[in-house]
Amino acid sequence: MSLLSKVVDVVTGGLADRAYQVVKDYFPPDMSEAQRANVQLALDKLELERKQQAEQARQAAEKQLTERIKELEGSAKDLLRLPILGPLMLFLRGCQRPVWGFATLYLDWMWFSAWTLDEQQQTALITINVLVLGFLFGERALANAAPRILHFMKARKRG
């Protein structure tokens with residue numbers, strides 16, 4: 001969920017319930033159940049409309065940001081205009097994740113199976129793992145791998 005989505009949820013979340021509470025507090029207590037249900041239904045409809053408007057505004061803002069980035073940085077199609085360098089840059093751009101991923105995997109494999117590293121080298125490899133996982137594969141990959149790396153480090157120190 002993006003930051004904009006969270007902001008939209010904060011702005012629109014529970015609007016109908018709050019409005020209904022205000023209606024209950026300030027309108028006559030002798031309102032019938034049917035009238036209360038109609039008020040609640042109208043408020044729910046109002047909240048739904050507000051959420052839809054906020055979602056449309058969020059999508060428009062994200063689209064505008066994407067267009068702005070594309071305008072400033074260019075797109076992959078722009079690279080194809082360069083005769084030799086364009087396709088080469090696209091190839092290098094496309095293969096960087098596997099290259100960094102397999103290189104890091106190789107370093108980790110050697111670290112866990114063959115190398116005996118001192119504290120500083122282990123810290124450097126952990127930093128490389130964090131950088132590769134975080135920047136190239138996203139926060140979720142880092143969140144999934146960090147506990148296992150820490151567990152392995154503790155187990156290795158004990159034994």
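All residue numbers in this chain count up from 1 along the given sequence.
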- Task: Could you name each residue pair satisfying ring pair (Phe, Tyr, Trp, His ring centres under 6.0 Å) that touches residues 106-127, not counting sequence neighbours?
- Result: Phe112-Phe152

Can you measure from [atom1] ([X]) to [atom2] ([Y]) and round to the nearest 0.5 angstrom?
X: Leu133; Y: Trp100; atom1: CG; atom2: CH2; value: 13.0 Å
X: Asn38; Y: Leu43; atom1: CG; atom2: CG; value: 10.5 Å
X: Leu131; Y: Ile126; atom1: CG; atom2: CD1; value: 12.0 Å
X: Glu47; Y: Gln40; atom1: CD; atom2: CD; value: 9.0 Å
X: Glu33; Y: Gln35; atom1: CD; atom2: CD; value: 10.0 Å

- Query: How would you list, by chain and number, every residue that makes a side chain to side chain donor-acceptor pair (under 3.5 Å) with Gln59, sequence neighbours excluded?
  - Reply: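 Gln59: side chain to side chain donor-acceptor pair (under 3.5 Å) contacts with Glu55.
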
- Query: In chain order, what residues pass the side chain to side chain donor-acceptor pair (under 3.5 Å) check against Glu67, with sequence neighbours excluded?
  - Reply: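 Applying side chain to side chain donor-acceptor pair (under 3.5 Å) to Glu67 gives none.
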
- Query: With Phe135, which residues qualify under ring pair (Phe, Tyr, Trp, His ring centres under 6.0 Å), at least two apart?
  - Reply: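 Ring pair (Phe, Tyr, Trp, His ring centres under 6.0 Å) list for Phe135, sorted by chain: empty.
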
- So does Ile84 have more than 12 non-hydrogen atoms from other groups sitting under 6.0 Å from CD1? no

Under 4.5 Å between side-chain heavy atoms, counting indirect links through other Ile/Leu/Val/Met/Phe/Trp/Tyr residues: same cluster for [X] and [Y] or not?
X: Leu80; Y: Leu85; result: no
X: Val130; Y: Val132; result: yes
X: Met110; Y: Leu125; result: yes

List the atom pairs, with distances to 0.1 Å, where a side-chain N or O of residues 90-98 and a protein N or O form a donor-acceptor pair under 3.5 Å, not counting sequence neighbours.
{"unit_1": "Arg97", "atom_1": "NE", "unit_2": "Leu136", "atom_2": "O", "d": "3.3"}
{"unit_1": "Arg97", "atom_1": "NH1", "unit_2": "Leu136", "atom_2": "O", "d": "3.1"}
{"unit_1": "Arg97", "atom_1": "NH2", "unit_2": "Leu136", "atom_2": "O", "d": "3.3"}

- Task: Under the side chain to side chain contact (heavy atoms under 4.5 Å, CB included) rule, collect the residues that match up with Gln121, sequence neighbours excluded.
- Result: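 Side chain to side chain contact (heavy atoms under 4.5 Å, CB included) check on Gln121 returns Leu117, Asp118.
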
- Message: Please give the remaining members of the hydrophobic cluster of Ile69, linking ILVMFWY side chains under 4.5 Å, ordered by chain and number.
- Response: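 So far as hydrophobic clustering goes, Ile69 is joined with Leu65.
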
- Message: Starting from Leu105 and following side-chain heavy-atom contacts under 4.5 Å between hydrophobic residues (I, L, V, M, F, W, Y), which residues can be reached?
- Response: Phe102

- Message: Taking side-chain hydrogen bond (donor to acceptor under 3.5 Å, both in side chains) as the cut-off, I'd like each qualifying pair that reaches into residues 68-87, sequence neighbours left out, listed once.
- Response: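 For residues 68-87: Arg68-Glu71, Asp78-Arg81.
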
- Query: Any side-chain hydrogen bond (donor to acceptor under 3.5 Å, both in side chains) pairs touching residues 125-135, not counting sequence neighbours?
  - Reply: Asp108-Asn129

